[in-house]
Q: 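Here it is: the structure, laid out below.
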Number of protein chains: 2
Amino acid sequence: MSEPGSGQGGTHSGERVCPSNPNVSCGDCRLGDLCLPITLDAGEINQLDEIVKRGRPLKRGDALYRQGEKFTSVFAVRSGSVKSFQTALDGEERVTGLYLPGEILGMGGISSMQYDNTAVALETASVCEIPFHLLEELSVKIPSLQGRFFRLMSQEITKDQKMLTMVSTNTAEERVSALLLSISARNHHRKLSQTCFILPMTRAEIGSYLGLTLETVSRIFSRLQKQGLIKVDNKEITIEELDGLKALAKVSS
Amino acid sequence: MSEPGSGQGGTHSGERVCPSNPNVSCGDCRLGDLCLPITLDAGEINQLDEIVKRGRPLKRGDALYRQGEKFTSVFAVRSGSVKSFQTALDGEERVTGLYLPGEILGMGGISSMQYDNTAVALETASVCEIPFHLLEELSVKIPSLQGRFFRLMSQEITKDQKMLTMVSTNTAEERVSALLLSISARNHHRKLSQTCFILPMTRAEIGSYLGLTLETVSRIFSRLQKQGLIKVDNKEITIEELDGLKALAKVSS
DNA sequence: TGGCTTTATTGATTTAGGTCATGGCAGCAC
DNA sequence: GTGCTGCCATGACCTAAATCAATAAAGCCA
């Protein structure tokens, strides 16, 4: 019953089901307490459910939306991971965000009515698409949904400003440590291991995200490993000394 | 009738009045077409007006709110200018935003219920305070206000991401040029000179905002002046070659 | 299985911008 | 006026990270 791509909708069973299954409703999705529905009651979740579109899983490299396209929807990551990036005038890509299950993206497009970056799946991923005009209408009817969405956007603002502060003041070592800790904390929040995980991005993508070159990222990984703080096996990171890494990262969280 | 600090409220005259006058209603404020009220009709603006608190003008250095304080309101700059900054663990201040008349700040505090940065006036300034819980209630009643606020927050997200991209990829010269152009464009939008203006920040604040040292900012100003692109007289900047500066800044706007 | 492409590591060298230091100048109090 | 204090300019030097380069390892597919 919880295999991806099983049968019909209406999966109102006792156990919550696999989030990669496209037929899971918001009420049954095990991400409910991270995603939009938080603060909504059962009836409201059903209304939200009606406007959410759950597409086929995406393959690595598939785009959710592209920079410059007409803005229509925001997206919630259900499984897998997604990066967003801006394409500069010279064609260079600059990674602006990494989105894990339960996180919402695409909100930068609301004001200008077109997406301000491109979002692509970093691995096989499933996402929920929420048409924004419907979300807006529903938010008028459900004040707590409006509030939830205000809070989500505010969170994005806070996150971006933290990132900005970090990129413009911290050393390469601090930035890399902070990213590892951020992924660790988000995994922990999703009840996954906070000490061992697979990096969804290449060294080049991490560098682009942190304002570093891929060589520097690689060197920092090696250095942190030499110091015994982490273990690196290609994309698999094991944090050996969580507190040591936190001390290095010098971030408040 | 348009002197700051004149008499009573109810200034419904034909001509729009000076925005530093604390008794001007949203409908009469000449910033109406930049600020929150855009897209609202007359009746709606009156409702918005009821919840907006217009305080005494602030002096240079006065705080609108402080990092860590309980979040209560968002603020609109009416006249003067405001900076926001985050205080790091070591007590260092990092400037995260510059807000000119018509611009809204404080939205980062919504999600965590406390302000995520400190905002202080850079010069004599007047601001409107909008208690957020009242704005939220009103937004349910006035869908176009909800929409306007969604757009404002989205704008902040887009702005921050652009800033992030810039700080992590562009050279010192490009960053300084881009900031000058940003101020120029915002002045132009307010029907002020786009080629001559007073910088509201010190070299140190500009550096902090752009992820540079004050020495570098100073050197870049000198260099741009030597190239004939701008004229610098202490805080007064005159852009001599707008197109040349744009070419240097390498930004899309 | 081998050949191809993408990704990662590590070393040598360069450079943009930081750091340190000095002097000038504007604004303000008295 | 004189002396302070904060801000700015500019020079000398240094360093973190970029760039250039070569090699190795992983993933892919035919």
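Side chains included, hydrogens not; waters and symmetry mates left out as well; all remaining heavy atoms used. Every chain is numbered from 1, with letters handed out A, B, ... down the list of sequences.
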Q: To the nearest Å, how far apart are B/D233 CG and D/dC8 C1'?
A: 12 Å

Q: Can you list, by residue number, the residues of residues 197-206 of chain A that have a non-hydrogen atom closer than 4.0 angstrom to DNA chain C?
A: A/T202, A/R203

Q: Could you tell me whether the side chains of A/E129 and A/S73 share a donor-acceptor contact shorter than 3.5 Å?
A: yes

Q: At under 4.0 Å between heavy atoms, what does B/G207 touch on the DNA or RNA strands: base, sugar-phosphate, or nothing?
A: nothing

Q: Looking at D/dA16, I'd like to know if its phosphate oxygens (OP1 or OP2) sit under 4.0 Å from a side-chain N or O belonging to A/T171.
A: no

Q: Taking CZ from B/R223 and C1' from D/dG11, how many angstroms apart are they, rounded to a whole number?
A: 15 Å

Q: Taking atom P of C/dA8 as reference, at what distance in whole Å does atom CD of A/E236 sit?
A: 14 Å

Q: Less than 6.0 Å separating the ring centroids of B/Y65 and B/F75?
A: yes

Q: Take the protein atom CZ of B/F221 and the nucleotide atom C1' of D/dT10, then report the distance between them rounded to whole Å.
A: 16 Å

Q: Strictly under 3.5 Å: I want the nitrogen or oxygen pairs between protein and nucleotides 10-15 of chain C, one per line.
A:
from	atom 1	to	atom 2	distance (Å)
C/dT10	OP2	A/S222	OG	2.6
C/dG11	N7	A/R219	NH1	2.9
C/dG11	O6	A/R219	NH2	3.3

Q: Ignoring backbone atoms, test whether B/T213 places a side-chain nitrogen or oxygen under 4.0 Å from the OP1 or OP2 oxygen of C/dG17.
A: no

Q: Nearest whole angstrom, please: distance from the C1' of D/dA24 to the CG of A/N234.
A: 12 Å

